[in-house]
Engineer: 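The structure under discussion is supplied below as structure tokens; questions concerning it will follow.
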Amino acid sequence: MNQSKTITRRNMLKGSLAAAGGLALAPLVTACGGQTEGESGAASLGRNASATISYMYAEYSSAGAALPDLIRGFREKFPNIKVKIRSFATYDDVLQAVQAAGAARDLPALAQVGYESVAYAAGTLPHLPISEAAERDPQVSGWLDGFPKNILRLGQADGTQVGMPLTMGSPFLVYNEDLLEQAGIGAAPRTWPEVREAALGIKEETGKVGVLMPDSDFWTAQGLVESNGARVLIEENGGARTGVGSPESVEAIDFWAAMINEDESSVLTDWVQGPTSFAKGNAGMIVSSSGLITSAPENGGVRMGTAPFPTWGDKPRRVPVGGNATFIFAQEEDQQLAAWEFVKYVNSPEGLGFWTTATGYLPTRSELAEGSGPIAAYYEDNPLLKSELDQLPDYVPWVSWPGSEGPEAEQALIDARDRVLTGDTDAATAMPEAAERVNEMIGS
Amino acid sequence: MARIEGVKLTEGGATKTTPPGPERPPGRQSKGAHLERLAPYLFVLPVLAFVGVFIYWPLAYSVYLSMLDWNFVSPVRTFVGFENFVELAGDSGFRQALANTGLYLLILVPLQIVVPLGIALLLWPVRHSRAQGVYRAVLFSPTVVSFAVAAVVWLWIFEPVEGVLNQLVLATGGERVNWLQNPNAALGCMILVSFWKAFGFNLLLYLAALEAVPRDYLEAAQLDGAGGWALFWYVRFPLMTPTFFFVLVTTVIFVNDEVFAAISVLTEGGPFGRTANALYYLYERGFEFFQVGEASAVALIIFAAVAALTVFQFRFVERHVHYE
């Protein structure tokens with residue numbers, strides 16, 4: 001079962017999608033509260049058509065504060081489309097609410113689905129795939145071609161673009177410069193053995209916790225084991241299995257447990273208490289996301305530095321992308337059209353530019369943040385975020401379990417990991433057992 | 001004046017015969033008589049409807065759902081018979097939840113029954129003091145505080161790096177404890193928080209029961225030389241047994257709910273299921289994993305267990321209750 005609840009899943013969400021060039025809003029056609037036929041015969045929602053759509057989202061700090069302003073911008077373009085928002089603490093909560101709404105035959109028009117639940121949502125809940133919505137719209141031919149394929153994959157299930165990636169973030173290392181100096185550590189650690197050594201040094205020299213690795217789900221753990229060569233989800237020969245029982249995975253989890261139970265330089269914590277403890281200066285390092293950076297001024301102003309997610313020596317870094325894809329769950333055609341207009345707006349240069357600078361989320365196209373890109377200046381002004389931006393090429397999808405038992409499969413991994421990290425058992429016992437259970441659940 | 005068909009009694013006792021009413025065919029009764037017979041049922045109909053819709057219908061529907069493999073949303077519902085029950089029997093997570101439920105009952109029920117009684121007896125001598133209202137308000141306040149609000153405070157207390165509890169431990173030379181991640185500590189935390197949340201209600205019930213003991217009995221006992229413990233054990237306690245029985249029955253029924261609140265906000269059943277009780281397991285199955293069949297099967301098992309416990313209490317404990 002998960003750690004303490006207040007926010008059980010804090011995926012780092014930074015996302016600003018650069019829309020493909022040439023996104024333009026649908027031409028304005030006067031209509032009386034309904035849809036009109038466009039030039040090609042396909043339906044599009046006229047500017048004066050009215051609709052009320054509901055949007056369920058996860059309120060992660062800055063995201064929750066920015067959304068109303070984003071909607072305000074949308075309503076300036078579509079004054080007669082009302083967007084009713086409902087916030088939830090985590091993506092899990094959103095998914096539960098959507099499923100409950102589905103049982104009541106009252107699905108929201110739009111909802112944020114965490115990347116780890118994309119396959120489950122696509123296979124379980126009635127929705128309008130983004131690819132289909134785009135095909136129906138004659139005004140935006142080839143709309144999806146403007147987005148990087150590796151980013152689009154975050155919102156795909158069985159090769160279909162079911163959701164539109166909106167927010168993106170990955171775990172990286174944030175450190176307290178003062179505590180590192182006090183411990184005599186000259187440079188930020190780059191590898192996991194260096195992290196362990198630095199954590200021990202911080203604990204011995206300052207009495208503070210060396211490193212925190214919050215992980216209420218299996219997000220940080222995925223980065224840890226996959227960077228060591230393991231694969232959490234292996235899809236092959238038309239089927240799927242998990243590789244968390246492999247020697248590389250066992251080694252990585254055991255390493256983590258040693259920092260907690262042997263060195264006592266780390267403490268198992270969650271996405272609320274961990275960042276809070278770090279922001280108060282009680283820990284030397286934390287594996288976190290950009291939310292910590294953007295909310296730091298509110299948390300006491302620790303002098304922070306950042307570094308990419310540590311590696312295992314020369315092995316390539318693999319960091320899972322956290323965030324959400326927007327799903328269209330609307331069932332009525334006018335609701336679908338209104339929802340599609342909202343998706344297009346959010347992913348337009350205007351929408352994405354606002355979203356990135358308001359939330360600190362990563363852009364889905366790195367060129368927006370480079371050179372003369374529209375948000376390059378933002379990253380110049382926020383150098384701490386560059387570490388996360390620099391590891392964009394190392395992004396891998398956050399595992400989205402196939403089948404109807406995805407949530408249970410993830411819980412099995414979380415429980416196994418926690419058994420090791422609390423010293424209840426070792427990874428060589430727990431991880432292969434968990435792998436066997438997960439393989440049964442995903443129908444391997 | 002009374003009226004008997006055919007006879008009317010006057011005040012002076014004289015009788016006067018009144019002509020009988022129109023003759024009715026044998027077996028047919030007046031509309032008034034029909035209405036009179038139906039009236040009780042009409043009066044209870046609204047309550048019966050409410051109970052039927054919100055209690056008995058969901059119970060019957062749960063029996064049906066427990067035999068399905070379904071996720072609330074899919075149009076396909078697969079009938080699996082008793083397979084969900086069989087799977088639960090082999091599920092180590094469910095067995096752990098049942099074991100935890102038993103632990104919570106064994107520890108929390110005595111605590112919730114005995115400790116509030118002890119506190120009530122301590123408060124009793126000062127019941128007329130000016131501060132008694134303050135005592136009652138302070139001790140009852142956890143019961144009325146929202147658990148969501150209380151959870152924020154408890155999370156701060158249990159915070160593993162610099163939480164209040166760990167600061168006390170470190171200050172006394174101990175080692176930092178991860179209160180909500182250590183399986184044994186986490187269970188203790190759930191018991192502590194649940195007890196803290198609920199004891200005030202039983203305390204108020206006991207105070208009211210103490211107040212209801214007739215002074216005559218107490219004075220008579222004192223005249224006979226009873227004091228202190230004898231006064232309590234031979235006079236007060238027997239007269240408090242109806243309240244004691246009520247506290248026992250309701251505590252057994254609701255202790256699961258109280259612990260559920262603590263689990264859902266503090267540990268979500270973790271670490272690795274070591275704090276989950278059967279009710280939380282049901283919630284997780286039904287609303288996080290969307291396994292409606294299994295969740296309904298768990299619900300029926302809980303219902304049967306609580307019903308059995310309640311029947312046991314009424315059959316074997318109630319005989320010791322003094323209602324007069």
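Naming: A, B, ... by sequence-line order, numbering from 1 per chain.
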Engineer: Do B:F287 and A:Q99 have side-chain heavy atoms sitting under 4.5 Å apart?
Structural biologist: no

Engineer: With a strict 4.5 Å heavy-atom criterion, list every residue of residues 59-83 of chain B that contacts chain A, or say none.
Structural biologist: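 Listed by number, the contacting residues are B:N71, B:F72, B:V73.
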
Engineer: Which pair of heavy atoms, one from A:L268 and one from B:Q181, lies closest together, and at what distance?
Structural biologist: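 Between these two residues, the closest heavy atoms are CD2-OE1, 3.4 Å.
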
Engineer: Using non-hydrogen atoms only, which part of A:L421 is less than 4.5 Å away from chain B: side chain, backbone, both, or neither?
Structural biologist: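 For A:L421, neither part sits under 4.5 Å from chain B.
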
Engineer: Scan side-chain atoms only and decide if B:E159 and A:S277 contain a donor-acceptor pair under the 3.5 Å cut-off.
Structural biologist: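 The criterion, which ignores hydrogens and geometry beyond distance, is satisfied for A:S277 and B:E159.
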
Engineer: Hey, is CD on A:E436 packed in by over 12 heavy atoms from elsewhere, all under 6.0 Å?
Structural biologist: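 12 or below, so no.
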
Engineer: State whether the number of non-hydrogen atoms from other residues, nucleotides or ligands found under 6.0 Å of B:F201 atom CZ is greater than 12.
Structural biologist: no

Engineer: A:Q96 versus B:F290: any side-chain heavy-atom pair under 4.5 Å?
Structural biologist: yes

Engineer: Which region of A:T124, side chain (C-beta onward) or backbone (N, CA, C, O), has a non-hydrogen atom less than 4.5 Å from a non-hydrogen atom of chain B, or is it both or neither?
Structural biologist: both

Engineer: Under a 4.5 Å cut-off applied to non-hydrogen side-chain atoms, are A:V209 and B:R176 in contact?
Structural biologist: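 Yes. Closest side-chain heavy atoms under 4.5 Å.
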
Engineer: Which residues pass the salt bridge (Lys or Arg N to Asp or Glu O under 4.0 Å) test with B:E87, sequence neighbours left out?
Structural biologist: none

Engineer: How long is the straight-line distance from OG1 of A:T269 back to CG of B:N178, given to the nearest 0.5 Å?
Structural biologist: 7.5 Å

Engineer: For a 4.5 angstrom cut-off between non-hydrogen side-chain atoms, does B:E288 reach A:D92?
Structural biologist: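 SC-SC contact between B:E288 and A:D92 ruled out.
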
Engineer: Between atom CZ of B:F272 and atom CD of A:Q411, what is the distance when rounded to the nearest 0.5 Å?
Structural biologist: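 Result: 12.0 Å between the selected atoms.
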
Engineer: Would you indicate whether the side-chain heavy atoms of B:R274 and A:D424 approach each other to under 4.5 Å?
Structural biologist: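 The answer is yes, as the side chains (C-beta and beyond) meet within the 4.5 Å cut-off.
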
Engineer: Counting distance only, does the side-chain N/O of A:Q273 pair as donor-acceptor with the main-chain N or O of B:L155 below 3.5 Å?
Structural biologist: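 Confirmed, A:Q273 side chain pairs with B:L155 backbone.
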
Engineer: Considering only heavy atoms, give the residues of residues 186-200 of chain B separated from chain A by less than 4.5 Å, sorted numerically, with 'none' for an empty result.
Structural biologist: none

Engineer: May I ask you to list the residues in residues 400-408 of chain A that approach chain B closer than 4.5 angstrom, counting heavy atoms only, ordered by number?
Structural biologist: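 If one takes a 4.5 Å heavy-atom cut-off, the residues of residues 400-408 of chain A near chain B are A:S404, A:E405, A:P407, A:E408.
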
